[in-house]
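Presented below is the structure to which this report refers.
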Amino acid sequence: MIPSPPPNNQPAEPRAPAWQRALREAFSRPRDLLDYLQLDPATPHLASALLRDFPLRVPRGYAARMRKGDARDPLLLQVWPQTREADETPGYAIDAVGDLHRVRRDGLIHKYRGRVLLVATGACAVHCRYCFRRHFPYAEQLAARGQWSAVLDEIAGDASIEEVILSGGDPLSLSDERLGELVEALGAIPQLKRLRVHTRQPIVLPERIDGRLLAWLDRTRLQTVFVLHANHASELDDAVRAALAPLRQRGIALLNQSVLLAGVNDDADTLAALSERLFACGVLPYYLHLLDRVQGAAHFDLPVQRAQELMRVLSSRLPGYLLPRLVREIAGRPSKTWIDWERSAPSP
Ligand SMILES: *Cc1c(COP(=O)(O)O)cnc(C)c1O
Ligand code: SF4
């Protein structure tokens with residue numbers, strides 16, 4: 001007699017959320033991305049060897065928005081090293097914005113009055129070549145390792161703090177269980193009014209906005225602001241737009257910060273298209289950052305005069321609410337530094 005197979009009464013694996021599966025499937029092998037984009041690995045400016053110290057990470061949905069066969073695609077250039085990344089440029093530091101001195105052991109950075117930034121994790125869904133965080137010693141941050149109690153005590157003990165900014169890395173790299181727990185504890189601190197989430201994930205991994213994430217957002221009493229990070233209109237496809245809709249429906253303010261990047265978005269048409277597309281997705285432009293002078297990113301930098309000129313052109317083309325504020329981060333200042341672009345206009 002053939003024994004019947006044992007009944008399969010193993011409990012089903014709890015299924016990981018779709019965004020975690022999408023993250024696992026992100027491009028991490030350089031050759032796979034090049035093949036997908038039909039690019040020649042010998043393309044002179046694409047420096048694959050530089051992926052060793054800051055490795056490739058590109059969600060497939062983000063790669064799908066890149067133009068096939070275009071080695072200068074503005075999305076590709078944000079995630080793939082160029083030869084010039086290896087240049088040592090004087091004045092471009094490891095710690096471009098002075099945060100290494102500011103960050104406390106528990107992961108808090110309290111630079112500006114009323115708001116405190118929490119380095120919640122070092123992980124990101126995408127690795128951006130121009131980012132200062134590539135040099136950041138996250139492993140040393142306690143909050144990044146998930147111990148919230150010291151952080152919560154610090155915040156509760158400072159009556160001047162009204163807003164907590166979850167940052168990273170990308171705070172949405174944490175699970176919704178962890179985030180839900182943290183946000184609930186923040187909501188219990190009476191003087192807090194606002195919760196801010198600095199994240200690029202809704203742009204590069206729109207799957208991240210799912211029911212579990214909305215559930216903890218729905219539970220908090222804190223007024224919530226999402227500051228997204230997109231640099232080019234092509235990053236904002238219909239999947240991104242759809243992912244943002246439930247945030248808007250909840251009355252969550254959606255803002256965007258961009259970095260001005262040579263070769264990616266350093267012309268008025270591109271910046272105007274970005275503002276227009278953001279608004280079509282329900283997002284207002286907030287900051288346009290001059291590049292932090294981080295080692296390895298000098299080739300993305302532009303003279304400030306060029307940035308000012310771009311702002312003048314933009315201001316003549318866009319409604320005022322679609323103009324981002326041009327800023328630079330200067331260590332030791334009480335806020336981001338607004339760069340004036342009007343006064344430097346040539347007299348009529
Ligand atoms: C940029 C930044 C903030 C937020 O500044 P806003 O001007 O309010 O957007 C807060 N803390 C730190 C450490 C920052 O770098
Ligand atoms: S912190 Fe933001 S800009 Fe930096 S690598 Fe992560 S997603 Fe990119």
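Just follow the structure's listing: the first ligand is 1, and inside any ligand the first atom is 1. The basis for the numbers below is simple: all heavy atoms, side chains too, and nothing from hydrogens, waters or symmetry mates.
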_Atoms of ligand 1 close to Ile109 [distance to a heavy atom under 4.0 angstrom, numbered from 1]_ = 13 (C)

*In terms of atom number and element, which parts of ligand 1 are under 4.0 angstrom from non-hydrogen atoms of Arg196?*
4 (C), 6 (P), 8 (O), 9 (O)

_Pair Tyr92, Asp292 - check side chain to side chain donor-acceptor pair (under 3.5 Å), show working._
CA-CA 8 Å; Tyr92 289 75; Asp292 293 325; over 6 Å; no

*Below 2.8 Å, any N, O or S contact between His127 and atom 4 (Fe) of ligand 2?*
no

_Looking at ligand 2, would Val126 count as a contact under a 4.0 Å heavy-atom criterion?_
yes

Would you say [X] and ligand 1 have an N/O pair spaced under 3.5 Å apart?
X: Tyr286; value: yes
X: Tyr287; value: yes
X: Lys336; value: yes

*asked:* Parallel, tilted or perpendicular, judged at 30° and 60°: which one describes the rings of Tyr36 and Phe27?
replied: tilted

For [X], I'd like to know if atom [atom1] has over 12 heavy atoms of other residues, nucleotides or ligands within 6.0 Å.
X: Arg221; atom1: CZ; value: yes
X: Arg113; atom1: CZ; value: no
X: Gln191; atom1: CD; value: yes
X: Arg31; atom1: CZ; value: no

For ligand 2, which atoms sit closer than 4.0 Å to a heavy atom of [X]?
X: Cys124; value: 1 (S), 5 (S), 6 (Fe), 7 (S)
X: Arg200; value: 7 (S)
X: Cys131; value: 1 (S), 3 (S), 4 (Fe), 5 (S)
X: His229; value: 3 (S)

*Which bit of Ile165 gets closer than 4.0 Å to ligand 1, counting heavy atoms only: side chain, backbone, both or neither?*
side chain

*Heavy-atom contacts under 4.0 Å between Glu329 and ligand 1: side chain, backbone, both, or neither?*
side chain

*Using 4.0 Å as the upper bound for N to carboxylate O, is an ion pair formed by Arg277 and Asp238?*
yes

*Using a strict 4.0 Å threshold on nitrogen-to-oxygen distance, state whether Arg60 and Glu25 make a salt bridge.*
no

*Check whether any N, O or S atom of Cys128 sits under 2.8 Å from atom 8 (Fe) of ligand 2.*
yes

*Backbone N or O of Leu271 within a donor-acceptor pair of the Asn265 side chain at under 3.5 Å?*
no

_For atom 8 (O) of ligand 1, tell me which residue out of Gln257, His198, Glu163, Arg115 has the closest non-hydrogen atom._
Arg115

